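What's counted below: heavy atoms across the whole structure, side chains too, no hydrogens, waters or symmetry copies. Proteins get letters first, then strands, A, B, ... in listed order; numbering begins at 1 in each. Note that the structure is a prediction, hence the values are computed from the model and not measured.
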Amino acid sequence: MKENISRCLDCDHKQNWIGTFHSQCNKILRKEIKAVGFKPDFAIYDDDDQSSLIRHILKEFNIYEALYKGVASRIGILKASMISPEDFLSQGDGFSFDEKLGRVYLRYQDELQRSNSLDYDDLVRLTVKLFDENPKVLHKYQEMFPAILVDEFQDTNRAQFRLLQLLAGKQKNVCVAGDDDQSIFKSKGSDTGNILNFEKEFPGTKVIKLDRNYRSTGNILKVSSSVIAKNIQRKPKCLQTDNLCGEKVFYCNLGSEEDEAKYVSRAIKDLYLKSNYEYNNFAVFYRINLQTKTLEDALREESIPYQVIGGTSFYHRKEVKDIISYVRLALNNNDNVSLRRIINSPARGIGSTTISKIEQEAKKNSLSLFKTLKSMLQTNGVAASFKDKLADFVKTIEDFSSRSYRSAADMIKDIVEKTGYLDELEEERIQAILELSSSAENIASRDFIDRVSLSSASDEAPPAHAVTLMPLHNTKGIEFPVVFIIGLEEGTLPYFKAFDNAAEMQEERRLLYVGMTRAKQILSLSSVKRRRVYSKIQEQEPSRFLADMPKDCCTWVERAQQKEKMVASSALHPPTKKAPSFIVGSRVKHPAWGVGIVRDCCGEGEEAKVTVNFPGIGLKRLAAKLANLERI
DNA sequence: AAAACTCCTCTTTTT
DNA sequence: GAGGAGTTTT
């Protein structure tokens with residue numbers, strides 16, 4: 001984003017703050033947080049940390065622990081709406097489950113305070129608090145930002161809106177861009193009311209309707225518009241385009257997941273060989289990450305390069321999180337979640353009994369676990385048999401804290417070495433830690449940790465020569481010439497958890513809409529008759545959303561009989577059965593580029609198109625008739 | 001406290 | 001079907 005903006009603007013982009021709400025707030029709070037009662041070395045808890053803290057509290061409160069997800073989500077929405085635990089408790093009747101929820105919420109905030117830690121919502125919440133309570137500080141930042149622009153405004157929540165209002169001050173020099181049809185994070189507390197109320201909060205707003213679509217073909221626009229039009233709660237709009245109708249939207253119903261994966265990868269291969277598309281012009285979208293597995297197998301089978309975006313992120317891997325927890329604990333000794341995580345990994349003989357003793361003591365004195373541990377050691381509050389182990393642990397952490405490392409990588413190496421973390425670890429996990437370490441070169445530990453918790457999938461560089469695989473949730477703001485959306489079945493898209501909730505069902509529809517509108521030229525949809533759900537094979541019904549698509553804009557294959565018909569490109573181009581006239585992997589000689597290796601070949605005789613990799617020159621796609629290739 | 005076993009869950013997720 | 005978390009066993 002920064003690069004794009006500095007390319008477009010002829011000014012020093014370093015003066016502009018460009019980033020997410022959370023990273024901007026982090027930047028402000030690292031400087032100013034003392035004013036709202038935290039220390040500047042605060043840790044940032046991600047969703048995993050948040051979950052483990054909530055589970056811990058539920059256990060303590062004797063509430064069925066498996067509820068933690070629902071509890072986390074409720075608390076998240078409360079925080080995003082800036083409702084404090086006290087507010088929430090005072091609304092309740094004192095008996096219902098909400099009462100319990102309120103107490104968990106209260107305890108959760110208390111635990112964060114004691115750990116000197118912030119969750120994502122706190123980053124925004126505390127910045128709002130800071131500005132509310134400190135007019136001078138607010139003024140400083142208002143002066144700093146004479147104008148503010150917010151993109152993807154439909155995904156903002158109440159707290160973020162409040163922050164915007166504060167920063168905008170009297171000048172109200174604000175520009176926001178958003179589309180309620182693309183709101184796919186309502187369940188995370190984002191509030192399209194921010195769009196609807198904008199004109200009220202900022203009187204005199206000039207509204208510009210962006211109803212011209214410059215991206216997609218007429219057919220794609222028509223079909224996707226018909227899908228989204230069925231949502232009840234939306235601002236009606238009518239998008240127009242000057243683009244040609246283009247190819248019809250393709251839909252195909254296939255037998256199994258494997259068929260679908262094969263169908264997608266063959267279609268990609270066909271289009272790649274027969275037209276001017278590069279692999280990075282293709283994207284495959286799906287509802288849930290599980291769906292990548294079959295797809296990856298099929299792509300590999302066809303030797304199509306691909307890159308998976310999203311999914312279980314690298315930073316969420318157990319071993320990576322462990323090491324990061326060490327770094328965090330070293331930077332902020334009060335980080336209880338990190339301490340709980342690593343106090344006995346690798347195993348150092350500190351078991352649950354010992355830990356719960358420390359927990360009890362910490363609760364009694366309302367201190368962090370680490371501080372409690374230290375004072376217990378001093379006052380001989382520990383059995384002699386554990387004392388050495390605990391003292392050892394404290395010493396190790398304090399050693400990490402006090403050392404000044406040249407880079408986060410140095411710190412990680414030291415941690416791994418001193419704790420023996422790699423001993424008895426599988427090769428794959430060792431590799432992950434080495435990768436973590438190399439990504440931490442030349443960056444201070446503090447900055448590294450912030451980057452780990454605040455960076456996003458969209459920060460990743462787009463793949464140079466690979467097909468993109470990503471979940472629909474990640475597709476906002478990007479576009480591809482060719483898009484495949486797979487798994488349009490009841491239960492998959494819409495996802496079954498949305499079945500009994502009208503609001504969530506509309507969100508599923510928006511999800512599909514966002515995905516469809518990423519396509520510039522070719523859009524291919526598919527569904528499957530049978531899908532393996534966990535370990536059972538299930539009969540699948542086609543998605544209800546398919547019924548809302550105008551068939552005159554589509555090529556519709558309800559029942560794919562012969563395999564050859566299942567390839568989308570056979571509808572787009574006449575099928576040519578190919579007998580390769582150049583064998584993949586063989587060597588050929590070109591008059592200008594010399595010797596290369598055939599990577600791909602399609603068509604036969606003079607019609608053949610050959611893809612050859614010439615060392616030092618790169619990939620070339622050649623028509624056999626013209627290229628004058630010599631087999632060697 | 002470590003090892004073995006059983007159970008459970010299994011969206012998406014900006015940060 | 002797999003991986004993680006929790007529980008029981010040694």
Between B:dT12 (P) and A:E508 (CD): distance, integer Å | 12 Å
A:F42 six-ring face occupied by A:R30 cation (under 6.0 Å, within 45°) = yes
Rounded to whole angstroms, how far apart are CD1 on A:I288 and P on B:dT11?
-> 7 Å
Rounded interatomic separation in angstrom, taking NZ from A:K321 and P from C:dG3 | 20 Å
Nearest-angstrom distance from the residue atom CZ of A:R531 to P of C:dG1 | 16 Å
Partners meeting ring-ring contact (aromatic ring centres under 6.0 Å, His included) with A:H473 (sequence neighbours left out) | A:F185
Only counting residues at least two apart or in another chain, list the ones meeting ring-ring contact (aromatic ring centres under 6.0 Å, His included) with A:Y326.
-> none
Is the shortest side-chain N/O distance from A:N289 to OP1 or OP2 of B:dT12 below 4.0 Å?
-> yes
Of residues 69-84 of chain A, the positions that come close to DNA chain B - non-hydrogen atoms, cut-off under 4.0 Å | A:K69
Does the ring of A:Y68 carry A:R55 above it, NZ/CZ under 6.0 angstrom from centre and within 45° of its axis?
-> yes
Criterion side chain to side chain donor-acceptor pair (under 3.5 Å) against A:K79, the qualifying member of A:D119, A:N157, A:D121 | A:D119
Who passes salt bridge (Lys or Arg N to Asp or Glu O under 4.0 Å) against A:D322, sequence neighbours left out?
-> A:K318, A:R341
Between CD1 of A:I309 and C1' of B:dT14 the distance, given in whole Å, is 15 Å
So do the side chains of A:S115 and A:L112 get within less than 4.5 Å of each other, counting heavy atoms only?
-> no
All N/O pairs under 3.5 Å across the protein-nucleotides 4-10 of chain C interface:
unit_1	atom_1	unit_2	atom_2	d
C:dG6	OP1	A:E65	OE2	3.3

Between which residue ranges does DNA chain B form stems of three or more consecutive Watson-Crick or G-U wobble pairs, both distances under 3.5 Å?
-> B:1-10 with C:1-10
Can you tell me how far the CD atom of A:E361 sits from the CG atom of A:L373, to the nearest 0.5 Å?
-> 11.0 Å
Counting heavy atoms from C-beta on, name the nucleotide in B:dT14, B:dA2, B:dA1 closest to the side chain of A:D47.
-> B:dT14
For the residue pair A:F161 and A:F198, categorise the inter-ring angle as parallel (less than 30°), tilted (30 to 60°) or perpendicular (more than 60°).
-> perpendicular
More 5' along DNA chain B: A:N344 or A:K497, using each one's nearest nucleotide?
-> A:N344
